[in-house]
Each structure stands twice: as structure tokens, then as C-alpha cells.
Amino acid sequence: MDELIYGHNQEKNIVAVQQFDESTVRIYIREKDTVREEIRKFYPFFFLSDKSYIEGFNKKFWLKKLAGNNFYQYACAFEDLTDMWNAIRYILRNYSNKHMIKVESYIDTDIIYLRPDPVHQFLLQTGITLFKGMEFNDVYRIQLDIETYSKHRFSNPERIEDRIILISLTDNRGWEYIIDGRKKSERQMLIELVEIIRKKDPDIIEGHNILNFDLPYLIKRAELNEVDLSIGRDGSKPKITTTTYDRETVFTGIEIYGRHIIDTLILVQLYDFVKREFESYSLKYVSKYFGITSEDRIYIPGEKIAWYWDNDPDSLVKYALQDAHETRKLSELLTPPYFYLTQMLPFSFWQVIKSGSSSKIESLLVRAYLKRRHSIPKPDTGFQTTGGYTDIFYTGVFENVAHADIESLYPSIMIKFKIAPQKDELGIFLQMLESLTKMRLEAKHKMKNATTPEEKSKYDAVQSAFKILINSFYGYLGYSRAIFNDYESADKVTTTGQKILKKLILEITNRGGKVIEADTDGIYFIPPEEFSTDEEKVKEFVKDIASTLPEGINLAFNGIYKKMLSYKKKNYALLDKNGNIEIKGASLISRGMEPFARKYISECVKFLLNNEIEKIHELYKSLFKSIAERKIDIYELAKTETLRERLDRYQELVRLGKRNRSAAYELAIASGRNYRQGDKITYYITGSSPDVRSFENCKLVDDWNPLRRDENVQYYLFKLNDYTRRFEVFFKPEDFKKIFSLKDGLNFDDVQIVTRKISREIDFD
DNA sequence: GTGGACAACTA
DNA sequence: TAGTTGTC
């Protein structure tokens, strides 16, 4: 089965004519048996071209892997069909004695994408290593970080007086270098950078936020200094890629011919998409999180760079190098899964990082079909009707709560019950899923046997990458644009999952356990008394429950939590044995809340879990006071919202009455500044009554005047009490009133946290 | 170039 | 009621 996943290294004799759009067609031809077996493994395909696409091919790896060999690849792209057919005739005439030529046309089919064609990968990676058979460390990576000087708050490459002062460079072979602006002009610095990149010839250039800061800055300054930033493998300059969206040109990235660019910021965002643990995506924060911070780390905030440059440049140099080293370490932790995925998928490294999971799955499926010369289906129209089962049975605070979940519920169901798209006539879907599952287990095994923390987290990343891929098989079924979609099968998966979870609840309850909350594939419960708090005994209990499930559906015991606070479906908090607290759910922890509210709620949750009722009272009082007396930090009161729409579009929708006015947009417009989609606006509410309309009574935090505070005290006090109501369910009414009052000298010894049973009939059918 | 449903909450 | 944030 691996053969299908690593298909592009195994394909034999495929020739395809591929239509990319109305006017562009490509022909792929493979040379016949002129390549040694071990070479074929690496690069089995050849392009025919008169455009010399091949010039930029990575000679280093090519030569390294294929030393002494003598054969050719060509690429070919045509602007129209006549040219294409002429070319085919030409090829047949001149090459048919040497090559196996078969031309297969997909031109008249409904296929829009044939991305999985292995040769497509080849073209995309022109000049770049395919990574096949390589380890991550085999690839040569350079990290780049620039420091800039500005008298303003934000450095701007368009401002002629701003400039690059340091370029720090490191690589994965222990080299480090500073291009020092003390000794050189900016122009000289840029020329040196080009020389170094060309001489070192990295496969990958890495940086944190390199796509939105370092590279655009370098490109702009090179322009101003009239330096040719020719760092591509063919001597070309970086290319800024754009797309037109809503009749507006949108920046999508930067390409350097023959090299990959890795922006660790994007990798961090992807990582957090799964883990959701980061407070910030800054290099400093994330490095601390991963424990990869350099020794004697120097921290220099952005606005202090100019000061350091004038007063203590040596520290700045050290700081800049540390940035580059941390970027390298960060990349070593986060890049490998995508590196190894690139070996499986017919996408370039960058596409693997940027593309969604569905296109990855589909590329594997289509490639297998292409290989077998089987026709390819069209997407079905329709929709999915069911999802996971979620329920809550108790609210309140509970002691010794066990957690168990079914490992990879949906993939297991698909494998166990053989649920796959009906359209998948070749049965590739399940074979692929099984194979990937096996690979994930291998990665997990390696993680378990890892001897260093670095190795461990690397394999953790690898296995979680596989997990994302495996989990998206289910999502793929219900995806409207997937060519193999199958809504019926998607529903079958979810309803089977519901049945299994309900059975689990039933089994636990029947044995005297108390289920508190369940969601999709996991369950929090209090084990029957006889198992008490003994972890080993509970393990046995879970094993017993697990034995009632179908074979292939594995229930895992994840341990016992000291306390659990259950609030609503998908909203709860956990206190583990080490005293760590985990809060889940949008109503208890949300980026949309004002920071003061976030902190207030999480503190209250902490006190509830530790049964420190008096501290809740004290917190409420002090917070109330600091708002009432205008002592609280304005940032604590301010909301931060993302502008999701373009401002003119917002205005248009408001004008048409299709959208309500919103504070963030109104402020963005009023500011007169050029806010763009995705920008964040931080604002607070003004006025004097608690029920003001926010879009009419708001102000940017930046415009806040500490000497004339104008935040709406009544509004925020009302908000405080509003948030407080979330805790109503945990107390008797009189206790609630007492705790959230401003009186002094109260006693809370007799306050009991209330637990409630939510009566509920489960439909077990 | 593009996974999904379900839940809580806000304006 | 639509949009956002979150869980799985």
C-alpha cells in the first residue's frame, strides 16, 4: 500500500496529457528502461521541453544521488492545443524508438484538477530537491533574520531614512554570520547577502514571519538601493505572488526560484490549530514554550532596537543571532512532518504546508486512479446531516473524575465497518487510510522510544501530522467539493460514532458510574465507588467497559483528574494531580472576551476547583472597585477584534441593510488609516450608561488619554455582573448573592458548591 | 485553493 | 438572527 502513498516514486510508464486550464496542456513522458533501478526510485519522470525548465534543477542533489548518470528530463507547456498536437507528433517522430509513448487525454472529461500527477510535482519543484529518501537533516537550511532601524514605532521599508542594520544568518551545520551595518552601507550589506546565499546555495531559507517582514523588507530596500537581489538558483530575484480576489490584488507569498521558503510563524499557527495552547505566536514566546531558548538570551523589544543600535550595538548583534538560532530550532521541531509529507504527496514543500487536508487526501486518491487509468468521479451535491453526540449530565464541581476516550474514533469506524465512498470503485480510500494509520503507529512507537526531549517532540509532531491526515478522511467524505465525497457514508460514520458513545455511557451507568459529560469520542465520569480513586482499579474498570465495544474500537484511559468543574456542554475545567488547571469552552475562555473578564472567569474557576470561596468574593470586590474607581488598566477593558471583511465591503453591506454596524469597523473607518482584512482593532466602550450601543460609543485604545479617562464605568460594571452570572449555577441563590456582594467581613465557611443533575433521556435505539 | 457538526455567546 | 469562538 505504501506504493500508493509514495506513488510518484513508483509510477511506471505513465504518460499523461493534462489540461490545466482552457488553454494550457502539458504532456508527460517517461523514458523507457534507460534508467537504473535505484535512480528510477527517485525521479521516474521526464518533461519534454524546449523552454529548458530543467535548468534550475537542483544539481547538487541530482548529482549526489545520481552521480555518473547520463539522462535527460524535459518539461513542456503549451499555450494552445494545436501547438500541443504538433509537439506530440514531433515527440512520436523523434522519440518513439527510445521512449514508451502513450498519450492519454483527459481533455474532454470534467476533471478540473489533476494535481496529483507526479509530474506536476516535478514541475513545481523544478530546481528543488524532491526530498525523496532524504532525512530532514540532509537538507541544507539557512536561517535569516534582519534588524531594522527606525525613529518611528514601526519600521517601514518605504521610508527612505529607515534602514536595515543587521542581517543575521545561521545554518543547520553550525555556521553563523552577521552582516554588520556598522561597517557597511545598506547597499553593501545587500550585495553581501546575495553573495552569501549564492555561494552557500541553501535548499531552504527560514525565518520567523519572513514572508511578511524580512523578505518584503529586503526586496524593497534592494529596490531602493538598486541592488539585484538575485538569490534564486537561476539567478532570478524573489517573486512576489499575488492573486485577484474581489477585484483586488492580494499578496499570497514570495517565491525564490529553486529554493523553499519556510516561515516558522505559519508553522506555529498550524501547530496551534491543533493544540490551541499559545498565547502569542512571537518567536520569543514560542521558543520558551518549546524550551529551545538560547542560553543568556537577550530580549530586546521592537521599539528598543533603535536605542540599542545607538547605545549598545553588541547586545543587538547577539540578540539577532539568537533569533536566527531559535528560528532554526523551532523549524527543527515543526518542519519535519511537512518535510516527510512532501515525500508522500504530489505537492511542493510549500504547498504541503499551505494546502488544506482535503486536497492532500484527494491527491493521493486521484494519483492512485490515474496510475490505474481509471476514470475519476465528480463531486456529489448534497449535505451531511449528523455530527458527533454531545451531552452533559451534571453541572457543578466533582472530585476524582476519570477521563477516557476512543482512540481515532472516526477512522477506526471507517476501517472497522468498511465505510468508504461508494464512488471509490478501486477501494483505494480504505487501503490508504489503513496504511496511514500504520505509519502513525510507527511514529508513535518512535516517539515512545525516544531518548531526548527533542526527538520526542519531533516524533510527536510527525504523528500528529499523520493524525491530521488520518482524521481528515472523515471530513473529506462530507466536503462538498471533494470528487470522492459521499454524504451518506459521512452520516454513517457519525451515527455509528454516536451509537458507540451512547453504549459507553450506558455501560458506565449500568455499573454504577456517574457520567458527567461526553463529547463525540470522549467521556468524563466518576467511577463506581468500589473503584474509588485507585488509578489501577479504574484502569481495570475502563478495560471492562472497553471489552463491550466492537473489536477495533479502542477505549483509552487517560487518568483521573483531582477535580472537574462542569458548566455546560463543551464547557468545563479540569484540575489535575499536579495542580494544573485546564479550562475548555468558549463561554469560560475566549479570545473574544475583554482581558479582565478572561482573567476574572479563570480565577474564579481556579478558586472553585480549590474550594476557595472567600477568594472569589475578594476578587469580585477588588475588581469591582478598580473598575468603579477607574484604576484598572485600560487594556484589561479593551476588546480586540479582527477585521474579517474589507472596509468598503462592510460599508456596502451596512448601506444595504445586510449587516449591523460594528464598533471595530466603525473605528477602523473613522481612523482614516489603511486597515486591511485580518488587521486587529483594540477598542473600549465610552459613554455613561450600561446599555449604550457599542458602535456609537467606542474608542481605539491608542486614543485613550490616561489623564482624562472616559471608559464607560457603568457599562463595564454591568459586564462584570454579567460574567458573574455564569457562576450562578454553582451556588444556592443566597450564597451567590453573598459571594458577589461588596460587603466586608462576611463568612463563607458554610457555602456548599451546588451540583445539579440534568435529567435526560438518551435515545439508545 | 477550499474538511465537518455541535454548542455557547454577543451584538 | 448572523457572526465569532470554541470542542472534538
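Letters A, B, ... mirror the listed sequences (proteins, then strands); counts begin at 1.
Among the heavy atoms of the strands, none lies under 4.0 Å from A/Ser480. In this structure, A/Asn571 reaches the sugar-phosphate backbone alone: every heavy-atom distance under 4.0 Å involves primed, P, OP1 or OP2 atoms, never a base. Among the heavy atoms of the strands lying under 4.0 Å from A/Tyr715 are primed sugar atoms or P, OP1, OP2 only; no base atom is included. At the heavy-atom level, A/Gly475 lies under 4.0 Å from base atoms of the strands shown. At the heavy-atom level, A/Tyr476 lies nowhere under 4.0 Å from the strands shown. Contacts of A/Phe383 with the nucleic acid, taken as non-hydrogen atoms under 4.0 Å apart, are absent. At the heavy-atom level, A/Leu588 lies nowhere under 4.0 Å from the strands shown.
In this structure, the CZ atom of A/Phe718 is 10 Å from the P atom of B/dA11, given to the nearest Å. Residue A/Asn660 contributes atom CG, which lies 16 Å from atom P of B/dT10 at whole-angstrom precision. For the pair A/Asp722 CG and B/dA8 C1', the interatomic distance rounds to 13 Å; values are reported in whole Å. For the pair A/Ile758 CD1 and B/dA7 C1', the computed distance is 13 Å after rounding to whole Å. Between the NZ atom of A/Lys568 and the C1' atom of C/dG6 there is a distance of 14 Å, rounded to whole Å. Summarising the geometry, the separation between OH on A/Tyr410 and C1' on C/dT7 is reported as 12 Å, rounded to the nearest angstrom. Summarising the geometry, the separation between CZ on A/Arg481 and P on B/dG1 is reported as 12 Å, rounded to the nearest angstrom. Counting to the nearest Å, the P atom of C/dC8 and the CD atom of A/Gln498 are 16 Å from each other.
Distances shorter than 4.0 Å separate none of the side-chain N or O atoms of A/Ser694 from OP1 or OP2 on B/dA11. Between A/Arg591 and C/dG6 there is a side-chain N or O to OP1 or OP2 distance below 4.0 Å. Side-chain nitrogen and oxygen atoms of A/Tyr567 include at least one within less than 4.0 Å of the OP1 or OP2 phosphate oxygen of B/dC9. Within the structure, a side-chain polar atom (N or O) of A/Lys719 is placed less than 4.0 Å from OP1 or OP2 of B/dA11. Checking the phosphate oxygens (OP1, OP2) of B/dG3, no side-chain nitrogen or oxygen of A/Lys360 falls inside 4.0 Å. Between A/Tyr487 and the phosphate of B/dG3, there is no side-chain N or O to OP1/OP2 separation shorter than 4.0 Å. Close to C/dT4, at under 4.0 Å from its OP1 or OP2, lies a side-chain N or O of A/Arg644. For C/dC8, one of the phosphate oxygens OP1 or OP2 lies less than 4.0 angstrom from a side-chain nitrogen or oxygen of A/Lys584. Here A/Tyr389 does not reach the OP1 or OP2 of C/dT7: none of its side-chain N or O atoms lies under 4.0 Å away. Residue A/Arg693 places none of its side-chain N or O atoms closer than 4.0 Å to OP1 or OP2 of B/dT10. An OP1 or OP2 oxygen of B/dA5 is reached within less than 4.0 angstrom by no side-chain nitrogen or oxygen of A/Lys570.
Not one N or O on the side chain of A/Asn697 forms a donor-acceptor pair closer than 3.5 Å with the backbone of A/Ile685.
Checked by atom type, the side-chain pair A/Glu641/A/Tyr683 shows a donor-acceptor distance below 3.5 Å. A/Asn712 and A/Thr686 form no side-chain donor-acceptor contact under 3.5 Å, judged by distance and modelled atom types alone.
When the P atom is compared between B/dT2 and C/dC8, the two are found 26 Å apart, to the nearest whole Å.
Residues A/Tyr476 and A/Phe429 form a side-chain contact, since some pair of their non-hydrogen atoms from C-beta on lies under 4.5 Å apart.
For A/Lys639, whose side chain is taken as the heavy atoms from C-beta onward, the closest listed nucleotide among B/dT2, B/dT10, B/dA8 is B/dT10. Checked against C/dC8, B/dC9, B/dT2, the side chain of A/Arg726 finds its nearest nucleotide in B/dC9. You'll find that the side chain of A/Ser358 is closest to B/dG3, out of C/dC8, B/dG3, B/dA8. Nearest to the side-chain atoms of A/Asp521 among the listed nucleotides C/dC8, B/dA8, C/dG6 stands C/dC8. Residue A/Ser590 has its side chain nearest to C/dT5 when only C/dT5, B/dT2, B/dA7 are considered.
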Donor-acceptor pairs are to be reported for all side-chain atoms of residues 592-601 of chain A against protein atoms at under 3.5 Å, with residues two or more places apart or in another chain.
{"unit_1": "A/Glu594", "atom_1": "OE1", "unit_2": "A/Tyr723", "atom_2": "OH", "d": "2.7"}
{"unit_1": "A/Arg598", "atom_1": "NH1", "unit_2": "A/Ser590", "atom_2": "O", "d": "3.4"}
{"unit_1": "A/Lys599", "atom_1": "NZ", "unit_2": "A/Glu636", "atom_2": "OE1", "d": "3.3"}
{"unit_1": "A/Lys599", "atom_1": "NZ", "unit_2": "A/Glu636", "atom_2": "OE2", "d": "2.6"}
{"unit_1": "A/Tyr600", "atom_1": "OH", "unit_2": "A/Thr724", "atom_2": "OG1", "d": "2.8"}

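Applying the 6.0 Å contact sphere to CD of A/Glu488 captures no more than 12 heavy atoms from other residues, nucleotides or ligands.
In terms of heavy atoms, A/Met414 sits closest to A/Leu477 at SD-CD1, 3.9 Å.
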